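Encoded as structure tokens, the structure appears first; notes follow it.
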Amino acid sequence: MIRRYSFGTPCDTGAVVLSLPEEKGEMPYFDVRRDGERVLFRTQLTEEEIVFGLGENVRGINKRGHRYRSWNSDDFNHTEDRQSIYASHNLLVFFRPGRLFGVYFDDPGLVIYDLGDARRDTAEIVSENGDLNVYLLEGADLKEIAKLFRGLTGPSYLPPEWAFGYIQSRWGYASEREVRAVAEEHRKRHIPLDGICMDIDYMEGYRNFTWKKDAFPDLKAFVRSMKEEHIRLIPIIDAGIKTEKGYAPYDSGKEGGFFCKKADGTDFVAAVWPGRCCFPDFLREDARKWFGDLYRPLLEAGIEGFWNDMNEPALFYSDETLAQAFALAESLKGKELDLSENWAIKDAFNAVANNPEDYRRFYHVMDGKNIRHDKVHNLYGAGMTRASADGIRRFRPGERYLLFSRSSFVGAHRDGGVWQGDNFSWWSHLKMAMQMLPNMNLCGFLFCGCDLGGFGCSTTEDLLERFLQLGVFTPLMRNHSALHTREQEIYRFSIWETMRDTVTVRYALLPYLYSEYMKAALTDGMLFRPLAFDYPEDRRAVRTEDQLMLGGECMIAPVYEQNAEGRYVYLPEDMLMIRFRSALDYDLIPLEKGDHYISLSLGEFPLFVRNGHAVPLCRGGENVDEIKTDHLKMIGKVENESIYDLYRDDGISEKVGMNGNVTRIRVGKQELVSDIELKPDR
Ligand code: GLC
């Protein structure tokens, strides 16, 4: 059951697709109080209470014990003390014996969540604007709450099948020659590859929708020839449009009046990569249409996928914030700084970026009214996703596209995926990447992944290998790193063969992973779940923070510690461990319910299959087009009979459903493996 409670005058955030009558009575579970404009929601937490939700954010799977904020931020320092990163996914699920409910705060502005931070026994959620709809979700179990939420907010995005291939990315690839070299190094060494991302350096002076004519003299021919090698190019697009007369997107945006304006009616200007930029008003339908059409030249060149960035929006500085910092510097010039002046000057220059004042300086037009940006800040990235998704759909009707964004809000899960932004090459970020996955899935974002190897600072061989072992299972499997860090392509490392073998497992599992993704998307389920969703009565399972359920049959338990040669795993039931070294080289070890120490040397990683189930493994390939599902090995310990519903389709059509696309695979009593022949899928 879902109930809607309304506060103040909420706007349509685009998150919710169900229209529900407003409840007039008091809202259960919470003490609700107004304090000026703010609305406060307070509930008691018992010692056993667990809180899931908040999608992409820092800290563990159980969010209890910290303070979070919904305020989309370009902050690359994802440390434990942070309260928000790039997304606002305002769903919480409270879970304890005898009490289970979800609550979604459909609020486009700042929301603060104290989940047992000030007091361990109290959760308090504060909407700063006080204009919002709150949806209460009640169901029999955690999975039902997740399903209800997807019913409320709409189905998850369906990517094309090729998007499940391995993608290589790096900030710095600046020419066709460099991109070709990356492709060749992979192909030469038989490292599977389906995509290469083009970061900002492909553009002419970082201007969106341009490309360097000397470095990419015939983009269309280049895209075609890479596609012949089964490699797609995936360019980046940033939110800001360079303020420059004669640059077509600026001229057309200016002419249409599509940029966000200040109170005096002039365009708001702040710097991003290309220098001073204007910011499309993604909250306006006509501006979205204009921006979506700007993708055309790239689509005409044959591009089928994009990543959208800097769309919180990130602001490096505005003339106003810069002037304040310089004024302070000027006033202190020549002085011997005391401690507070020393700090003040550092703070002033740090504050030029993403300054709260700047977010109050410009306006959007919603329903014909001017709304100050900070009131609806968290909708900006989702608006950009919508603009580009619609633009791509207009150009390639009926076909799926790859799209992933840095910033997001619930609702954007219908149009694209997300990546987890600028992590570091830290072991703690490998763990955090894993812990974000189930909460992102809970909020509808099924297509996601992190920068494998870590984006900021230099990775090490073992860290990249362990990152790849997690990436084998994440829908977006992309190795990405920052300019000036150690080069991070697999072939740069002495253990590249080990890394390649790890990637081969992705391709052997691809029929299963694709099938589980599509089934989750088409039936409003989750691909990754906290163990609590499947074993709610098991006190150990519900508190497990470093293992995840994957699809209907499996559990994963990645190694995330430096120099580890294995790890402890808790099995909530008997399971078969597949200990992978490559697509063709693995051990099958049945294990009983309980605690186990699993030895996992650097090139080894486990997948656990629930007893009574069997999962398909194919021979793999070097790209997704090579994957065949006519000969499969069904792996699992089956006592009587197991059934696996394998979802297959053409990998690209937009209109797909479960009907007609599911092949039922029956496996009779078997020890561990059986070979299966199916009708070819293409
Ligand atoms: C941002 C993105 C990162 C990208 C960089 C340059 O930091 O998050 O992925 O490489 O900008 O475009």
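This structure is a prediction, so every number in the text was calculated from the model and none was measured. We count ligands from 1, going down the list as the structure has it; atoms in each ligand are counted the same way.
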Name the closest protein heavy atom to atom 5 (C) of ligand 1, giving the residue it belongs to and the distance to 0.1 Å. W171 CE3, 3.9 Å
Under 4.0 Å from any heavy atom of R406, which atoms of ligand 1 are there? 1 (C), 2 (C), 7 (O), 8 (O)
Does W273 approach ligand 1 within less than 4.0 angstrom via side chain, backbone, both or neither, non-hydrogen atoms only? side chain
Protein heavy-atom partner closest to atom 12 (O) of ligand 1 - residue, atom, separation in Å: D199 OD1, 2.6 Å
With sequence neighbours left out, what residues match D309 under side chain to side chain donor-acceptor pair (under 3.5 Å)? R406
H480 heavy atoms within 4.0 Å reach ligand 1 at atoms 3 (C), 4 (C), 9 (O), 10 (O)
Just to verify, what does Y113 make a side chain to side chain donor-acceptor pair (under 3.5 Å) with, not counting sequence neighbours? N90
Check each atom of ligand 1 against the heavy atoms of I236 and keep those under 4.0 Å away; list them by number with element. 12 (O)
In terms of relative ring orientation, are H429 and W426 parallel, tilted or perpendicular, with 30° and 60° separating the classes? tilted
Would you call the rings of W171 and F455 parallel, tilted or perpendicular if under 30° counts as parallel and over 60° as perpendicular? parallel
Ranking I200, L483, D309 by closest non-hydrogen atom to atom 11 (O) of ligand 1, top hit is D309
Could you tell me whether R180 and E184 make a salt bridge, using a distance below 4.0 angstrom between a side-chain N and a carboxylate O? no
Starting from atom 3 (C) of ligand 1, what is the nearest protein heavy atom, named by residue and atom, and what distance separates them? D422 OD1, 3.4 Å
Return yes if a side-chain donor-acceptor contact under 3.5 Å exists between D462 and T460, otherwise no. yes
Ligand-side contact atoms (ligand 1) for residue partner W419, heavy atom cut-off under 4.0 Å: 8 (O), 9 (O)
Tell me which part of W307 gets within contact of ligand 1: side chain, backbone, both or neither, using heavy atoms under 4.0 Å. side chain
Pair R396 + E304: basic N to acidic O under 4.0 Å: yes
